[in-house]
Amino acid sequence: KGKIDEVKIYNRSLSQTEITALYNNQSFEFRDTQQPDQIKRDSNIVGRWNFDDVSASNYSIYGASNTEGKISKALDFDGVDDYINLGTRSDLNFVSADNFTIATWVMVDDLVGSHIIFDRQVWSSSGYAFTIRNNNDLAFFSHVGDNQISNSIACIVTQDTWYHVAVVKNGTDALFYCQGLGIGED
């Protein structure tokens, strides 16, 4: 039960500086080496959902409602059966060797139970999940066949407060960030 805003998924591991920039609501941009006066956005972003327009065609909302968010609008989930379906986008189907980053703003309405931030199951043989567990751990689980990664770390989350959280999968490690700061690795 809670709210989610500004979900961003990258097909690479972001640095501490880049995570901090996202927390500070800044976009990190790059100078084009061929045209130094041109600024480019990160081409490694594979998904960005700000939920300002709930009629967007790149996802389907089931039960969640539009509400005020951290940046602009967010989605509010009842904790029972609300979810977003991103469809069958293959660019979100990371395999065990892939590095990637999931970053978003979340607000937990109550501290009972676990809260799924992002869950991507591809058939029954692979997938990954990023959650806040009922003991205030940020947790990440990834599996492709027999290759599994399962990491968690304590992150004190209080009710009705916006938190910027991120998980960076880098090789066999999952690095966690809360409010723009690294909180270690398990």
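Keep in mind the model is a prediction, meaning the values are calculated, not measured.
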Heavy-atom distance under 4.5 Å between the side chains of Phe51 and Val7, does that happen here? yes

Pairwise distance CD1(Ile19) to CD(Gln179) - rounded to 0.5 angstrom: 12.5 Å

Least distance between heavy atoms, Asn66 atom then Lys73 atom: OD1-CD, 3.5 Å

Any chance you could measure Ile183, atom CD1, to Leu175, atom CG, to the nearest 0.5 Å? 10.5 Å

Taking all heavy atoms of Gln16 and all of Gly182, pick out the closest pair and write down the distance. OE1-N, 3.3 Å

If every non-hydrogen atom of Tyr163 is compared with every non-hydrogen atom of Cys178, which pair is closest and at what distance? CD2-SG, 3.9 Å

Look at the side chain of Asp5 and the backbone N and O of Lys70, then say whether any donor-acceptor pair between them is shorter than 3.5 Å. yes

Quick one: are Val46 and Leu92 in side-chain contact, heavy atoms under 4.5 Å? yes

Please determine whether residues Ile71 and Trp162 belong to a single hydrophobic cluster, defined as Ile, Leu, Val, Met, Phe, Trp and Tyr linked transitively by side-chain heavy-atom distances below 4.5 Å. yes

In terms of side-chain heavy atoms, does Thr20 have a donor or acceptor partner in Tyr177 at a distance below 3.5 Å? no

Check the angle between the aromatic planes of Tyr62 and Tyr83 and answer parallel, tilted or perpendicular using the 30° and 60° thresholds. parallel

Of all heavy-atom pairs linking Gly69 and Ala74, the shortest is CA-CB, 3.5 Å

For Asn99 and Gly171, indicate whether the former's side chain and the latter's backbone hold a donor-acceptor pair under 3.5 Å. yes

Quick one: does Ile61's side chain get under 4.5 Å of Leu75's, heavy atoms only? yes

With no hydrogens and no angle check, is any side-chain donor or acceptor of Thr101 less than 3.5 Å from a backbone partner on Leu14? yes

Output for pair (Trp105 CH2, Leu22 CG), nearest 0.5 Å, gives 10.0 Å

Determine yes or no for a side-chain-to-main-chain donor-acceptor pair under 3.5 angstrom, with Tyr10 supplying the side chain and Val168 the backbone. no

Measuring from atom CG of Asp82 to atom OG of Ser65, what distance do you get when rounded to the nearest 0.5 angstrom? 7.5 Å

Regarding Asp109 and Lys3, does a basic nitrogen lie under 4.0 Å from an acidic carboxylate oxygen? yes

Interatomic distance, CZ@Arg12 vs CZ@Phe100, rounded to 0.5 Å, equals 14.0 Å

Okay, side chain of Glu6, backbone of Thr104: is any donor-acceptor separation there less than 3.5 Å? no

Do Trp49 and Ile9 have side chains that get closer than 4.5 Å, going by heavy atoms? yes

Do the non-hydrogen side-chain atoms of Ile84 and Phe77 ever get within less than 4.5 Å of each other? yes

Salt-bridged, Glu18 to Lys8, with N to O below 4.0 Å? no

